[in-house]
Each structure stands twice: as structure tokens, then as C-alpha cells.
Enquirer: 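Sending over a structure as C-alpha cells; questions will come in a sec.
Worth knowing before you read on, the calculation uses all heavy atoms, side chains too, and leaves out hydrogens, waters and symmetry mates. Just so you know, ligand 1 is whichever comes first in the structure, and atom 1 is the first atom listed for that ligand.
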Amino acid sequence: MSLDFYTIDDLDLDNKTVLVRVDINSPVDPSTGLLLDDTRIRLHAETIKELSNKGAKTVILAHQSRPGKKDFTTLKQHAESLSKILNKNVDYVDDIFGINARNSIKKMEKTDILLLENVRFYSEEIIAREPKHQSKTHLIEKLAPLADYFINDAFAAAHRSQASMVGFAYVMPSAAGRIMEKELKAIYNAMDNVQRPCIYILGGVKVDDSIMVMENVLEKGSADFILTTGLVANIFLWGSGINIGKYNKNFIKNKDYCEFVKKSKKLLKKYGDKIIIPKDIAVCKENKRIEFSVDNIPNNPIYDIGTDTIKEYAGYVMQAKTLFANGPAGVFEKEEFNIGTDDILNAIASSNAFSIIGGGHLAAAANQMGISKGVSHISSGGGASINLLAGENLPGVQILTEYTTKKI
Ligand code: 3PG
């Protein structure tokens, strides 16, 4: 596989206006609304610093969460955090492409940095469509004429064919940022050297991505085992006929995830020997962690996998030669429920396997635990990295390649 696109090295940036799409979607404390982790902001600071040092007027586009979620919020705090990391003023405007945003861009001087508002506040952004259609959205039509280049550094969102991810590269000179470049090099390299057994550990709450990848890698025979954790595990527990309790069933129903329970049933029927589900879990009862066998789950929220499951999964991790992990095993932000996530990360870090861990939350947990040296690559992308590993094309990358090879 080759990296067939332009990079920052191919651009003359001095005094040029550059739109750079980053992914600084970060964990937010639901009770205070404060950012809990700046891993992704630190990461993209590298690209932003280079652009500014090369004399560009850097206009940053980014998202935070999705509509309807508690952490769907403005990027004001992100701008403050980025300012601190760069030790340089980062302007923020609470507008995406309206008159305030456009005037702020027009006023910029060489080396200035401006962060625009959460692009997902604009509803057209959320609709996934082909680059050609996205190039005709208001976002692209209003901002593209104000800039010389578009740089996509948002590897973690590259599996989304959303306007800010694929629309600009259709109409203007475009290149990959440093993080995009590094991530793709590391993951392509891993894909060229997969050794068996190859184990996927899929958790977190983004069940849509996990199921898609599972179907893909099991169909192709490229995974030996899939260890399920987090909400993914709860869905498979329910799909296997286990009573996960009314609270957990309602949680899944309210998320509109019942279709995934059906899919899990089908996958378990076909690949039951490869998909491993927890044998025990931890629920939150009166603010305490209490563990139960899956035969006996009470009507309380499941917040983690149980101790026996952790031991069993650590055994799988130790026999693996290649490991891909995405998403935390439980509500790791709460201390009593971070055991599954921490122990699995520790097992990965102490194994001899080639390992990639991905997803904003899992990467943040690994960084906070200081285990990054034991992991071969910590990817900023969860859905993006597992989709790529499963052999899917990432629209955000494909459009950069198409621009470069002038297929558009
Ligand atoms: C991520 O955190 O995986 C990326 O920011 C993409 O977010 P999304 O799954 O809401 O598109």
C-alpha cells in the first residue's frame, strides 16, 4: 500500500491561508462540561505549529461529539487548551462559515491561528455523501474561496464522508497533515505484516463501527478471535440470549441499537467459536462496583467487564501475535470501573505481540497510564483505524489520493 497523496512538504505555505481539518473530539466530564483529556489536541498541535511556523494563516475546522450527546459542545475550551500547548494565541470564533467566521479569516495575518466553531453544529455536515455532493454544501462554498489550500489531518474522522472531510479536496489543492501521514504509515505497515493469531478487542459505545469491522474481518478470516467489551459486549450478551436486565436493555433500545442485537445473533450463530463474550460483569449499584456472573445480571447499569473475564481475556492477549484494540472496556472515567480497561491495556503493553490501540478514549487511557512504550502504535482513530485494518477505504483518505492523482 502506498501513501499516494500530497503532504505539507509539497506546499508553499508562506502567507497562504490554509484550512486544516483536525480531530480534537475529546472526552468531556458530563457533570462539569470540562475537557478531561488533551491527547488529540496535543497531537494535532504538531501539524498546526508547523503550518504557522511556515508562515501560513491557519484556519482550523473540527468537531466535538455528535448532536444529541452530552459532550456535543463548543470548541472554546479546545482553543484555550491549544493556545496553552502551542504557547501562542489561538483565536476562536463561535461561527463556522457565517459572516463572523469569514471576516475573522479575512483579517488574519501571517502565522495567525483561528479555530472555527464545532462543524457539526451545522446540520448539513452530519449527512454522509459523495465528495461531489459535499463540495456543493454551504460550508465548502463559503470557505473554499477564502483559502489557498486544504489540509486534512483528521485521521480519526477519515471514515466519515462528511462535508468538512471530503468536500474541500474536491474543489481545491489539498494535502495530508502530519498526523494523517503518520497514522497511515503505521497502519499500512501493520497490515503488511500481520502475524497470527490476530486478535481484535472491540469495546466502547460506537457499536456501529465495531459490528461492521467484525463482519468484515470474520468474513475474510483475518481475525482469529474477537474479544468483546464495553457496550459491544452487552449487545452480544443480549444477542446470545442472556438476560442483561431491564436497565441495560432500555439503554440499548434508547440508543436505537436493537438492530445490532439482531446482527449479533447472526454473527454468533456463524462465528460463535471466534466471538468471545464476557462470563462476568460489574454493575454500578448504589455508586459501588459489584460483580455478577452473566447468568445473574441484576437490573443495574453494567459499567465494566468482571474479574474472571479480565483474566480470560488477558490469556488471549498473551497468546496473540497481532492485537488490535478499540474502545474502553467500561466506564473508565469512574475509578471503580476502570479495572477492565486498565488491566487489558496492561496486558497488551506487556505482551510481545505487535499491537495497535485506537479510539480517543482508549488512547487517552493508555497515555494517562503511561504505558505507551509497550504498545506498537497508539492511534488517534478508533473507527478509522479499525475500518482501515478491516480493509475498508477511508473516504477522507481516498479523496486526497484522487486529488493528487487528478482523478477528479
Ligand atoms: C472519533 O472519536 O472516533 C472521531 O472523532 C469520529 O467521531 P464520530 O464517530 O462521532 O464520527
Enquirer: What about Y122 and F97, are their ring centers closer than 6.0 Å?
Expert: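 Under 6.0 Å, so yes.
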
Enquirer: Does a side chain donor of either S161 or Q134 reach within less than 3.5 Å of an acceptor in the other side chain?
Expert: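 The criterion, which ignores hydrogens and geometry beyond distance, is not satisfied for Q134 and S161.
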
Enquirer: Does CG belonging to N87 count more than 12 external heavy atoms closer than 6.0 Å?
Expert: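 No, because the 6.0 Å sphere around CG of N87 holds 12 heavy atoms or fewer from other groups.
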
Enquirer: Taking atom CZ of F251 as the centre, does the number of heavy atoms from other residues, nucleotides or ligands within less than 6.0 Å exceed 12?
Expert: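 Incorrect, the count does not exceed 12.
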
Enquirer: If we ignore hydrogens and angles and just use 3.5 Å, is the side chain of S52 paired with the main-chain N or O of I48 as donor and acceptor?
Expert: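 Here the side-chain-to-backbone pair does not exist.
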
Enquirer: Give a table of atom pairs where an N or O of ligand 1 lies under 3.5 Å from a protein N or O.
Expert:
unit_1, atom_1, unit_2, atom_2, d
ligand 1, 2 (O), N25, ND2, 3.2
ligand 1, 2 (O), R40, NH1, 3.1
ligand 1, 2 (O), R40, NH2, 3.3
ligand 1, 2 (O), K206, NZ, 3.2
ligand 1, 3 (O), K206, NZ, 3.1
ligand 1, 5 (O), D23, OD1, 3.2
ligand 1, 5 (O), D23, OD2, 2.6
ligand 1, 5 (O), N25, ND2, 3.0
ligand 1, 5 (O), R40, NH1, 3.4
ligand 1, 5 (O), H63, NE2, 2.9
ligand 1, 7 (O), K206, NZ, 3.4
ligand 1, 9 (O), R66, NH2, 2.8
ligand 1, 9 (O), R160, NH2, 2.8
ligand 1, 9 (O), K206, NZ, 2.9
ligand 1, 10 (O), R66, NE, 2.7
ligand 1, 10 (O), R120, NH1, 2.9
ligand 1, 11 (O), R120, NH2, 2.8
ligand 1, 11 (O), R160, NE, 2.6

Enquirer: Determine all donor-acceptor pairs shorter than 3.5 Å in which one atom belongs to a side chain in residues 378-399; sequence neighbours excluded.
Expert:
unit_1, atom_1, unit_2, atom_2, d
S379, OG, E183, OE1, 2.9
S379, OG, E183, OE2, 3.4
S379, OG, G381, N, 3.0
S379, OG, G381, O, 3.2
S380, OG, E183, OE2, 2.7
S385, OG, G381, O, 2.5
S385, OG, G382, O, 3.1
N387, ND2, G383, O, 2.7
E392, OE2, N216, ND2, 2.7

